[in-house]
There are 2 protein chains.
Amino acid sequence: MRTVTIADVAKHAGVAVSTVSYVLSGKRAISATTRQRVLDSVRVLGYHPNAGARALASKRAKVIALVLPLRAGMNLPVLMQFATSVVTTARKYDHDVLLMTADEGPDGLHRVAASALVDGLLLMDVEIHDPRVPLLRKLAEPSVLIGFPADPEGLTCVDLDFARAGALCADHLADLGHREIALLGAPRVVYERGTGFAERTMAGYVEAARRHGIEADARPCEESFDEIHAAVKLLLDERPGLSGLVVHNEAATGHVLGALRILGRRVPEDVSVVAICPDDIAERASPALTSVLIPAEDVGRQAVRLLMAKLEGQAVPESTLLEPRLTIRESSR
Amino acid sequence: MRTVTIADVAKHAGVAVSTVSYVLSGKRAISATTRQRVLDSVRVLGYHPNAGARALASKRAKVIALVLPLRAGMNLPVLMQFATSVVTTARKYDHDVLLMTADEGPDGLHRVAASALVDGLLLMDVEIHDPRVPLLRKLAEPSVLIGFPADPEGLTCVDLDFARAGALCADHLADLGHREIALLGAPRVVYERGTGFAERTMAGYVEAARRHGIEADARPCEESFDEIHAAVKLLLDERPGLSGLVVHNEAATGHVLGALRILGRRVPEDVSVVAICPDDIAERASPALTSVLIPAEDVGRQAVRLLMAKLEGQAVPESTLLEPRLTIRESSR
DNA sequence: CCTTCGCGTCGAAGCGCTTCGATGACCTGC
DNA sequence: GCAGGTCATCGAAGCGCTTCGACGCGAAGG
């Protein structure tokens, strides 16, 4: 059973190959009757255009690259959520997604772009000083970044507005009347790497706390139960007046609650807790956590939209920040 | 700056286009001097073969599809680990990976195969009665499944040997002298879906326990802290002599430990706990968990190898089961 | 009535690559 | 010294698709 080509469809429908092509692409007007005849033949024969041939002739692969990090410290579930949202959205635009890992580095990007395997690039987890950024500026293929490098000039970047997220947490606790709060952040290594989002959260949080005139500090936070237990204990010892806690570390939220429980602090009676994490984690915790969610799905959708717009040659904003949303649950009062 | 084609390279090196092609593919003998001249030109010009053209001419896209599930109840981190291992391994074979989600269903598979976008398919999380299986049998493109459908006849399946994993846990606890043990498994819905691996684990565990003549039961386990707390409490109430616990639910392990802590049971002094989960979760828990790891990386690597072998036309075993490995840590004695 | 136009369709020229058969050049052995 | 055989290389024929220019035809305009 040889695979069906456009010529087979043309013959079956009794038209020229080019007519079939135009019916399928809609790039020229075709009479309703011919169109229907062609469409019927397509269905009857089970025709699927050959991707390679189309890419070659049209210079459009209808594939975008998704470059995921695969370093420690990243939150895997969020990454997956993001990836699936990208795939789903891309399909709506009739595009497929080529999965790449960051460890191929700039060369990998260059390879897929130069070989015309993909039409555009989507990069996750861009760092402040990312070696791939200069390359992206040079590349003819459009790209969209999730996260912000030091200089977003000439690029297209999308991200949650982490500064607003941090501020939202501080605001919420301040509004509830808390006067002494603390933030437990990502593991130290994340800050050292300069990933950006962690700092921005802290900065927004600190600034908001200052505005409210309340006492606030912020510290990195590792992810093993013992380290977290020790960190929470230290925090409570040092700051006896502490009554509000912001946790920006999905892997740690469960352990933080466990540590508080063991240390005899009730949530929210003794300590109010606000997390920055996906909703499912917040909902599954006990008590359910008041949280600012990381809208992985929105980010993915938005990123694909921007990339598609760029592929169409449209101008798009250099930076788009997604507004965070605070959901109040049982862990704060 | 027009993109560099093979013709440019040929001209630059002073040879025929076909010679360049043969140098690059190694499919015919080329003299060392010519080869070097061509290779130099490739480097100087920065030539990258056009993927579409190559695919069209050679009928090989050098791309494989990776189909991930995106349903609830799956373990996202493990999925990610698996995905990255697939990508990394595929690159070693000079292939790229097209990411698809299961929700496109059989049609999606048919589309990418029929359009020659991919040369082969890798499916994760195959169900007992998977609607995609009949299609895979028909497809000309080779495929490899992670997990086992009801009838693996004529397919190529890879998976961890979950029965052995379950047995290993029971063996370990029995060897330590425990006479009353229980298994906390996946959420109920996973069993209802008939995903296979959950049942197989249970079966192996039950069989091993019977062999040792010890008292064992097994129950599904939801993933919220409250439900887990209740389930553990119930278990301890019903079975006062219980001293060994197997947890086969990555999202739940942390909560199970938390529940035991609250219920006043020390681990491992009062209860020994063995988990079936990735190493990083086991290590991060407190106490560090004795565990059987799900070797996502191995599975990914092995799956790609099998697929590549099939692409080469080699025969491969229908079923390959990966041996589980028990790592003894602090949670069992 | 003839020109002009636009619509619907066709044919052919590539797109950049692989691969097959052909062609020399050179060596071997009788 | 020449048939036969290698070895290295070349040229050309596609692979299946898009797209451009051309063309026929009926309608509109002078």
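Numbers restart at 1 for each chain; the letters A, B, ... are given by sequence-line order, proteins then strands.
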End axis versus end axis in the helix from dC1(C)-dG30(D) to dC30(C)-dG1(D), the angle rounded to 10°, five pairs used at each terminus: 50°

Any donor-acceptor N/O pair, Arg37(A) side chain to Ala13(A) backbone, under 3.5 Å: yes

Interatomic distance, Leu322(B) atom CG to Arg301(B) atom CZ [nearest 0.5 angstrom]: 9.5 Å

First encountered from the 5' end of DNA chain C, between Ala53(B) and Ser18(A): Ser18(A)

Test item: Cys157(A) and Glu318(A) side chains (from C-beta on) under 4.5 Å apart, heavy atoms: no

Most 5' of Val17(B) and Val4(A) on DNA chain D, judged by nearest nucleotide: Val17(B)

Taking every non-hydrogen atom, the tightest pair across Val86(A) and Gly300(A): CG2-CA, 3.9 Å

Sugar-phosphate only, base, or nothing, as touched by Val15(A) at under 4.0 Å among non-hydrogen atoms: sugar-phosphate

Donor-acceptor contacts under 3.5 Å from residues 17-30 of chain A side chains, at least two apart:
unit_1, atom_1, unit_2, atom_2, d
Ser25(A), OG, Ser21(A), O, 3.2
Ser25(A), OG, Lys27(A), N, 3.3

Heavy-atom closest contact (Met100(A) atom, Ala65(A) atom, distance): SD-CB, 4.1 Å

Leu117(B) side, atom CG; Glu141(B) side, atom CD - distance, nearest 0.5 Å: 11.0 Å

Interface with DNA chain D, restricted to residues 20-39 of chain A and to heavy atoms under 4.0 Å: Ser21(A), Tyr22(A), Lys27(A), Arg28(A)

Side chain proximity check, Tyr47(A) to Ser41(A), heavy atoms < 4.5 angstrom: no

Close side-chain approach of Thr320(A) and Thr156(A), heavy atoms under 4.5 Å: no

Close side-chain approach of Val67(A) and Thr101(A), heavy atoms under 4.5 Å: no

Of residues 55-64 of chain B, the positions that come close to DNA chain D - non-hydrogen atoms, cut-off under 4.0 Å: Leu56(B), Ala57(B), Lys59(B)

First-last contacting nucleotides on DNA chain D - partner chain B, under 4.0 angstrom, heavy atom: dA8(D) to dG16(D)

Donor-acceptor contact below 3.5 Å, side chain Asp119(A) vs main chain Lys62(A): yes

Donor-acceptor under 3.5 Å (Lys310(B) side chain, Ala315(B) main chain): no

Detail all sub-3.5 Å separations between protein N/O atoms and N/O atoms belonging to nucleotides 23-26 of chain C.
none

Closest heavy-atom pair and its distance - Ala303(B), Val144(B): O-CG2, 3.9 Å

Between Thr88(A) and Ser85(A), a side-chain donor and acceptor under 3.5 Å: no

Side-chain heavy atoms of Met308(A) within contact of Leu311(A), under 4.5 Å: yes

